[in-house]
There are 2 protein chains.
Amino acid sequence: MDTLSQTFSALADPTRRAILARLAIGAATVGELAEPFDMSLPAVSRHLRVLTDAGLIERHTEAQWRRCELRAEGLRAAADWIEEYRRFWEQQFDRLEAYLKRTAPQPKGKSDGRKRRS
Amino acid sequence: MDTLSQTFSALADPTRRAILARLAIGAATVGELAEPFDMSLPAVSRHLRVLTDAGLIERHTEAQWRRCELRAEGLRAAADWIEEYRRFWEQQFDRLEAYLKRTAPQPKGKSDGRKRRS
DNA sequence: TCCATATTTAACATACTTGTTAAATACAAA
DNA sequence: TTTGTATTTAACAAGTATGTTAAATATGGA
(Lines give C-alpha, C1' and ligand atoms only; values in the text may rest on other atoms or scores of the structure.)
Protein backbone atom coordinates (compact mmCIF):
# COMPACT_ATOMS: atom_id res chain seq x y z
CA MET A 1 0.00 0.00 0.00
CA ASP A 2 1.29 3.49 -0.73
CA THR A 3 2.45 5.61 2.17
CA LEU A 4 -0.33 8.16 2.01
CA SER A 5 -3.03 5.48 1.97
CA GLN A 6 -1.36 3.80 4.91
CA THR A 7 -1.25 7.03 6.90
CA PHE A 8 -4.86 8.02 6.22
CA SER A 9 -5.98 4.49 6.87
CA ALA A 10 -4.21 4.48 10.24
CA LEU A 11 -5.91 7.76 11.14
CA ALA A 12 -9.34 6.49 10.13
CA ASP A 13 -9.91 4.80 13.47
CA PRO A 14 -10.96 6.65 16.62
CA THR A 15 -9.06 4.32 18.94
CA ARG A 16 -5.84 4.95 17.06
CA ARG A 17 -6.40 8.70 17.04
CA ALA A 18 -7.01 8.55 20.79
CA ILE A 19 -3.75 6.66 21.23
CA LEU A 20 -1.89 9.32 19.30
CA ALA A 21 -3.52 12.03 21.39
CA ARG A 22 -2.40 10.24 24.53
CA LEU A 23 1.13 9.93 23.20
CA ALA A 24 1.19 13.63 22.47
CA ILE A 25 1.27 14.06 26.25
CA GLY A 26 4.21 11.71 26.61
CA ALA A 27 5.55 8.21 26.01
CA ALA A 28 3.67 5.24 27.49
CA THR A 29 3.73 1.46 27.66
CA VAL A 30 1.22 -0.77 25.90
CA GLY A 31 -0.57 -1.47 29.15
CA GLU A 32 -0.87 2.20 29.96
CA LEU A 33 -2.19 2.93 26.49
CA ALA A 34 -4.72 0.11 26.67
CA GLU A 35 -6.07 1.08 30.08
CA PRO A 36 -8.71 3.65 29.01
CA PHE A 37 -10.17 1.39 26.33
CA ASP A 38 -12.86 -1.21 26.75
CA MET A 39 -10.95 -3.59 24.56
CA SER A 40 -8.60 -6.52 24.99
CA LEU A 41 -4.84 -6.04 25.11
CA PRO A 42 -4.27 -7.94 21.87
CA ALA A 43 -6.65 -5.57 20.12
CA VAL A 44 -4.69 -2.56 21.34
CA SER A 45 -1.47 -4.29 20.45
CA ARG A 46 -2.73 -4.62 16.89
CA HIS A 47 -3.67 -0.94 16.72
CA LEU A 48 -0.14 -0.14 17.83
CA ARG A 49 1.22 -2.29 15.06
CA VAL A 50 -0.84 -0.38 12.52
CA LEU A 51 0.47 2.92 13.90
CA THR A 52 4.02 1.60 13.88
CA ASP A 53 3.74 0.37 10.30
CA ALA A 54 2.41 3.78 9.31
CA GLY A 55 5.44 5.37 10.95
CA LEU A 56 3.32 7.32 13.42
CA ILE A 57 4.82 5.84 16.56
CA GLU A 58 8.07 4.21 17.62
CA ARG A 59 8.56 1.42 20.11
CA HIS A 60 11.64 0.70 22.18
CA THR A 61 11.94 -2.35 24.34
CA GLU A 62 12.68 -1.65 28.00
CA ALA A 63 12.86 -4.85 30.03
CA GLN A 64 9.46 -6.47 29.55
CA TRP A 65 7.84 -3.20 28.50
CA ARG A 66 7.52 -1.58 25.11
CA ARG A 67 7.71 2.15 25.49
CA CYS A 68 5.73 3.85 22.69
CA GLU A 69 6.28 7.38 21.59
CA LEU A 70 4.76 9.67 19.03
CA ARG A 71 6.52 10.15 15.73
CA ALA A 72 4.39 12.97 14.35
CA GLU A 73 6.82 13.39 11.46
CA GLY A 74 4.84 10.55 9.90
CA LEU A 75 1.91 12.94 9.55
CA ARG A 76 3.79 15.39 7.42
CA ALA A 77 3.01 13.89 4.01
CA ALA A 78 -0.68 13.68 4.88
CA ALA A 79 -0.66 17.26 6.13
CA ASP A 80 1.01 18.39 2.91
CA TRP A 81 -1.51 16.51 0.82
CA ILE A 82 -4.47 18.10 2.53
CA GLU A 83 -2.79 21.48 2.52
CA GLU A 84 -2.95 21.48 -1.27
CA TYR A 85 -6.70 21.78 -0.98
CA ARG A 86 -6.77 24.51 1.62
CA ARG A 87 -7.05 27.29 -0.93
CA PHE A 88 -10.20 25.66 -2.29
CA TRP A 89 -12.06 25.86 0.94
CA GLU A 90 -10.69 29.26 1.79
CA GLN A 91 -11.70 30.48 -1.64
CA GLN A 92 -15.13 29.13 -0.86
CA PHE A 93 -15.13 31.15 2.32
CA ASP A 94 -14.07 34.24 0.38
CA ARG A 95 -16.95 33.72 -2.01
CA LEU A 96 -19.39 33.48 0.87
CA GLU A 97 -17.97 36.60 2.41
CA ALA A 98 -18.25 38.45 -0.88
CA TYR A 99 -21.81 37.27 -1.28
CA LEU A 100 -22.75 38.47 2.18
CA LYS A 101 -21.12 41.79 1.46
CA ARG A 102 -23.15 42.13 -1.73
CA THR A 103 -26.46 41.17 -0.17
CA ALA A 104 -26.05 42.88 3.19
CA PRO A 105 -28.16 46.00 3.70
CA GLN A 106 -26.32 48.98 2.28
CA PRO A 107 -25.20 51.59 4.78
CA LYS A 108 -27.59 54.50 4.64
CA GLY A 109 -27.51 58.12 5.78
CA LYS A 110 -24.23 59.60 6.91
CA SER A 111 -22.38 56.30 7.03
CA ASP A 112 -18.59 56.08 7.00
CA GLY A 113 -18.87 52.73 5.25
CA ARG A 114 -17.09 50.80 8.02
CA LYS A 115 -18.17 47.34 9.01
CA ARG A 116 -20.59 46.98 11.88
CA ARG A 117 -21.96 44.13 13.93
CA SER A 118 -24.98 42.39 12.49
CA MET B 1 -19.01 6.35 11.93
CA ASP B 2 -17.69 9.66 13.24
CA THR B 3 -16.96 12.42 10.77
CA LEU B 4 -13.20 12.38 11.13
CA SER B 5 -13.01 8.62 10.63
CA GLN B 6 -15.18 8.94 7.57
CA THR B 7 -12.98 11.65 6.10
CA PHE B 8 -9.69 9.86 6.71
CA SER B 9 -11.20 6.64 5.47
CA ALA B 10 -12.32 8.32 2.26
CA LEU B 11 -8.80 9.68 1.75
CA ALA B 12 -7.19 6.31 2.38
CA ASP B 13 -7.70 5.20 -1.21
CA PRO B 14 -5.50 6.30 -4.10
CA THR B 15 -8.34 6.21 -6.63
CA ARG B 16 -10.39 8.57 -4.51
CA ARG B 17 -7.46 10.92 -3.95
CA ALA B 18 -6.88 10.94 -7.70
CA ILE B 19 -10.53 11.82 -8.25
CA LEU B 20 -10.24 14.72 -5.83
CA ALA B 21 -7.09 15.90 -7.59
CA ARG B 22 -8.94 15.80 -10.89
CA LEU B 23 -11.83 17.76 -9.45
CA ALA B 24 -9.43 20.39 -8.16
CA ILE B 25 -8.98 21.31 -11.82
CA GLY B 26 -12.70 21.63 -12.36
CA ALA B 27 -16.07 19.90 -12.22
CA ALA B 28 -16.57 16.70 -14.22
CA THR B 29 -19.14 14.03 -14.98
CA VAL B 30 -18.88 10.46 -13.70
CA GLY B 31 -17.84 9.23 -17.13
CA GLU B 32 -15.10 11.81 -17.38
CA LEU B 33 -13.85 10.95 -13.93
CA ALA B 34 -13.87 7.23 -14.66
CA GLU B 35 -12.03 7.52 -17.96
CA PRO B 36 -8.41 7.44 -16.67
CA PHE B 37 -9.01 4.42 -14.42
CA ASP B 38 -8.76 0.80 -15.38
CA MET B 39 -11.90 0.04 -13.46
CA SER B 40 -15.56 -0.44 -14.21
CA LEU B 41 -18.01 2.44 -14.06
CA PRO B 42 -19.91 0.98 -11.10
CA ALA B 43 -16.68 0.84 -9.13
CA VAL B 44 -16.00 4.53 -9.78
CA SER B 45 -19.61 5.30 -9.00
CA ARG B 46 -19.14 3.70 -5.60
CA HIS B 47 -15.98 5.69 -4.93
CA LEU B 48 -17.96 8.81 -5.72
CA ARG B 49 -20.59 7.78 -3.23
CA VAL B 50 -17.94 7.39 -0.54
CA LEU B 51 -16.60 10.86 -1.34
CA THR B 52 -20.11 12.29 -1.32
CA ASP B 53 -20.95 10.69 2.01
CA ALA B 54 -17.74 12.12 3.44
CA GLY B 55 -18.80 15.55 2.21
CA LEU B 56 -15.78 15.90 -0.05
CA ILE B 57 -17.69 16.29 -3.30
CA GLU B 58 -21.12 17.46 -4.40
CA ARG B 59 -23.19 16.12 -7.25
CA HIS B 60 -25.81 17.98 -9.23
CA THR B 61 -27.97 16.31 -11.82
CA GLU B 62 -27.82 17.86 -15.27
CA ALA B 63 -29.97 15.94 -17.74
CA GLN B 64 -28.59 12.40 -17.66
CA TRP B 65 -25.24 13.54 -16.27
CA ARG B 66 -24.13 13.98 -12.70
CA ARG B 67 -21.75 16.89 -12.49
CA CYS B 68 -19.34 16.36 -9.60
CA GLU B 69 -17.44 19.14 -7.96
CA LEU B 70 -14.93 19.42 -5.16
CA ARG B 71 -16.10 20.43 -1.71
CA ALA B 72 -12.72 20.87 -0.05
CA GLU B 73 -14.41 22.38 2.99
CA GLY B 74 -14.95 18.76 4.00
CA LEU B 75 -11.21 18.47 4.55
CA ARG B 76 -11.09 21.21 7.11
CA ALA B 77 -11.71 19.07 10.21
CA ALA B 78 -9.07 16.57 9.11
CA ALA B 79 -6.62 19.37 8.43
CA ASP B 80 -7.28 20.84 11.85
CA TRP B 81 -6.80 17.48 13.51
CA ILE B 82 -3.43 16.90 11.87
CA GLU B 83 -2.41 20.47 12.49
CA GLU B 84 -2.52 19.81 16.22
CA TYR B 85 0.49 17.55 15.74
CA ARG B 86 2.52 19.88 13.60
CA ARG B 87 4.42 21.35 16.53
CA PHE B 88 5.62 17.85 17.42
CA TRP B 89 7.31 17.24 14.14
CA GLU B 90 8.59 20.76 13.89
CA GLN B 91 9.97 20.47 17.40
CA GLN B 92 11.67 17.32 16.25
CA PHE B 93 13.20 19.26 13.40
CA ASP B 94 14.34 21.95 15.82
CA ARG B 95 16.00 19.32 17.95
CA LEU B 96 17.83 17.96 14.93
CA GLU B 97 18.93 21.42 13.96
CA ALA B 98 20.17 22.12 17.48
CA TYR B 99 22.01 18.83 17.47
CA LEU B 100 23.71 19.60 14.19
CA LYS B 101 24.65 23.02 15.48
CA ARG B 102 26.21 21.46 18.56
CA THR B 103 28.15 18.82 16.70
CA ALA B 104 29.18 20.86 13.67
CA PRO B 105 32.83 21.89 13.51
CA GLN B 106 33.29 25.14 15.38
CA PRO B 107 34.32 28.13 13.32
CA LYS B 108 38.04 28.67 13.75
CA GLY B 109 40.45 31.52 13.05
CA LYS B 110 39.04 34.93 12.17
CA SER B 111 35.51 33.71 11.64
CA ASP B 112 32.58 36.09 11.72
CA GLY B 113 30.42 33.26 13.04
CA ARG B 114 28.01 33.39 10.11
CA LYS B 115 26.54 30.23 8.61
CA ARG B 116 28.31 28.73 5.62
CA ARG B 117 27.54 26.03 3.14
CA SER B 118 28.59 22.57 4.18
C1' DT C 1 -42.99 5.60 -28.40
C1' DC C 2 -38.49 3.60 -28.94
C1' DC C 3 -33.58 3.91 -28.71
C1' DA C 4 -29.10 5.54 -27.15
C1' DT C 5 -26.50 7.48 -23.44
C1' DA C 6 -25.22 8.11 -18.50
C1' DT C 7 -25.30 6.36 -14.21
C1' DT C 8 -26.80 3.54 -10.28
C1' DT C 9 -28.34 -0.66 -7.98
C1' DA C 10 -28.23 -5.67 -7.23
C1' DA C 11 -25.94 -9.85 -6.54
C1' DC C 12 -21.92 -11.89 -5.85
C1' DA C 13 -16.77 -13.07 -4.78
C1' DT C 14 -12.72 -12.00 -2.42
C1' DA C 15 -9.91 -9.79 0.71
C1' DC C 16 -9.10 -6.86 4.67
C1' DT C 17 -10.20 -5.15 9.34
C1' DT C 18 -11.03 -5.62 13.91
C1' DG C 19 -12.47 -7.80 17.86
C1' DT C 20 -12.26 -12.23 20.84
C1' DT C 21 -9.88 -15.96 23.58
C1' DA C 22 -6.07 -19.09 24.27
C1' DA C 23 -1.34 -19.99 23.80
C1' DA C 24 3.38 -18.41 23.14
C1' DT C 25 7.25 -15.43 24.18
C1' DA C 26 10.35 -12.35 26.85
C1' DC C 27 12.16 -10.64 30.84
C1' DA C 28 12.77 -9.88 36.15
C1' DA C 29 12.83 -11.50 40.41
C1' DA C 30 12.26 -15.04 43.99
C1' DT D 1 14.43 -22.90 37.77
C1' DT D 2 9.96 -21.44 38.75
C1' DT D 3 6.76 -17.77 38.83
C1' DG D 4 4.61 -13.39 37.68
C1' DT D 5 4.16 -9.52 34.59
C1' DA D 6 3.99 -7.46 29.88
C1' DT D 7 3.13 -8.13 25.37
C1' DT D 8 2.57 -10.58 20.97
C1' DT D 9 1.00 -14.29 17.94
C1' DA D 10 -2.43 -17.71 16.42
C1' DA D 11 -6.90 -19.09 15.24
C1' DC D 12 -11.24 -17.73 14.54
C1' DA D 13 -15.73 -15.00 13.67
C1' DA D 14 -18.20 -11.10 12.04
C1' DG D 15 -18.40 -7.00 9.59
C1' DT D 16 -16.76 -3.91 5.94
C1' DA D 17 -14.60 -2.68 1.48
C1' DT D 18 -13.96 -3.09 -3.24
C1' DG D 19 -14.09 -5.06 -7.61
C1' DT D 20 -16.97 -7.69 -11.22
C1' DT D 21 -21.06 -8.34 -14.44
C1' DA D 22 -25.93 -7.96 -15.37
C1' DA D 23 -30.05 -5.50 -14.78
C1' DA D 24 -32.53 -1.30 -13.60
C1' DT D 25 -33.37 3.64 -13.96
C1' DA D 26 -33.44 8.33 -15.92
C1' DT D 27 -33.24 11.52 -19.61
C1' DG D 28 -32.94 13.43 -24.40
C1' DG D 29 -33.94 13.00 -29.00
C1' DA D 30 -35.48 10.53 -33.46
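Chain letters run A, B, ... following the sequence lines, proteins first, then strands; residues in each count from 1. What's counted below: heavy atoms across the whole structure, side chains too, no hydrogens, waters or symmetry copies.
There is a side-chain donor-acceptor pair under 3.5 Å between B/Arg17 and A/Ser5.
When the salt bridge (Lys or Arg N to Asp or Glu O under 4.0 Å) test is applied to A/Asp80, no partner is found at least two apart in sequence or on another chain. Applying the salt bridge (Lys or Arg N to Asp or Glu O under 4.0 Å) rule to B/Arg16 yields no partners; only residues at least two apart in sequence or on another chain are considered.
Regarding A/Phe8, its CZ atom lies at a distance of 19 Å from the C1' atom of C/dT17, rounded to whole Å. Rounding to whole angstrom units, CD of residue B/Glu62 and C1' of D/dG28 are separated by 14 Å.
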Note to self: One character per nucleotide, please: for nucleotides 7-19 of chain D, 5' to 3', B when the base has a protein heavy atom closer than 4.0 Å, S when only the sugar-phosphate does, - otherwise.
What the structure shows: BBB--------BB

Next item on the list: Kindly determine whether A/Arg86 and A/Glu83 satisfy salt bridge (charged side-chain N to carboxylate O under 4.0 Å, His left out), including the steps that lead there.
Entry: CA-CA 5 Å; A/Arg86 179 179 290 277; A/Glu83 197 59 29; 2.7 Å; yes

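Ion pairing between a basic and an acidic side chain is recognised when a charged N comes within 4.0 Å of a carboxylate O; B/Arg76 and B/Glu73 show such pairing.
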